[in-house]
Amino acid sequence: MEWSIRSLSKRCGVSGEAFSDGDSVMCFVFKTESGEIERTDVLERNVPALKAPGTLVGFWRRVFSSDPAASADMKQKLVSQEDFFFSLFDVPPSEDGEILKQFVALYLERKRILRAAGAPENGFQNFVHVKSKKTFSVPVRDADPETLARLASVIDAFII
């Protein structure tokens, strides 16, 4: 399976309209029928017109900025990362989604957004979202080197 996710887009994937500073943009990650992972950025107002190219793996919201310094704002990044993690629990489970849950959870634990609760049990680790106190049961998987290499580029692409 090939994982090639585009970086942040500057145009709406539905209308082709260029994003303007302050636009609310929804970022979607899909798995196509051919098994490829694809990312689509859409103006929030155009989301109802989006034709999904496959199975939804996850999504998050961001505010577009053409200023590189503003788009590097850590708070916005963390909100997008949290939103993406939450979305992994809002879509039907998939093997890719389950693996991503573990990697994103570990990343957010390092950023102190999630906290591990106890030891892993029956193949799952519970994580508590620090702000909301909501508990997420995340599958614990052993990833082979091929999977790690494949996911490294994906995580780098959408964990902004």
Closest contact, heavy atoms only, [X] versus [Y]:
X   : Y   : result
G13 : T40 : CA-CG2, 4.1 Å
S20 : F64 : O-CD2, 3.4 Å
S9  : D41 : N-OD2, 2.8 Å
G58 : S87 : CA-OG, 3.2 Å
A52 : F30 : CB-CE2, 3.5 Å
A49 : V14 : CB-CG1, 3.8 Å

Are [Y] and [X] co-members of a hydrophobic cluster defined by side-chain heavy atoms under 4.5 Å apart?
X    : Y    : result
V63  : V42  : no
I113 : L106 : yes
Y107 : V57  : yes
F89  : F86  : yes

Pairwise distance [atom1]([X]) to [atom2]([Y]) - rounded to 0.5 angstrom:
X    : Y    : atom1 : atom2 : answer
L108 : F136 : CG    : CZ    : 10.0 Å
E44  : D23  : CD    : CG    : 10.0 Å
K111 : E82  : NZ    : CD    : 12.0 Å
F59  : M26  : CZ    : CE    : 5.5 Å
F28  : L56  : CZ    : CG    : 7.0 Å
F85  : K101 : CZ    : NZ    : 8.0 Å

Is the side chain of E98 donor-acceptor paired with the backbone N or O of P139 at a distance under 3.5 Å, no angle test?
no
Just by distance, do the side chain of R11 and the backbone of G16 share a donor-acceptor pair under 3.5 Å?
yes
Members besides V128 in its Ile/Leu/Val/Met/Phe/Trp/Tyr cluster (side-chain heavy atoms under 4.5 Å):
none
Is F124 isolated, or which residues cluster with it under the ILVMFWY side-chain rule of less than 4.5 Å, directly or via members?
none
Sorted by chain and number, sequence neighbours left out, side-chain hydrogen bond (donor to acceptor under 3.5 Å, both in side chains) with T135 holds for none
If the condition is side-chain hydrogen bond (donor to acceptor under 3.5 Å, both in side chains), which residues does S132 pass it with, not counting sequence neighbours?
H129
For D83, is there an ion pair with R62 - N to carboxylate O distance below 4.0 angstrom?
no
Show me, pair by pair, the donor-acceptor contacts under 3.5 angstrom made by side chains of residues 114-122, not counting sequence neighbours?
none

Contact list for residues 45-55, test side chain to side chain donor-acceptor pair (under 3.5 Å), sequence neighbours left out:
S15-N46, E17-R45
In terms of ring plane angle, is the pair F84 and W60 parallel, tilted or perpendicular, where the classes change at 30° and 60°?
perpendicular
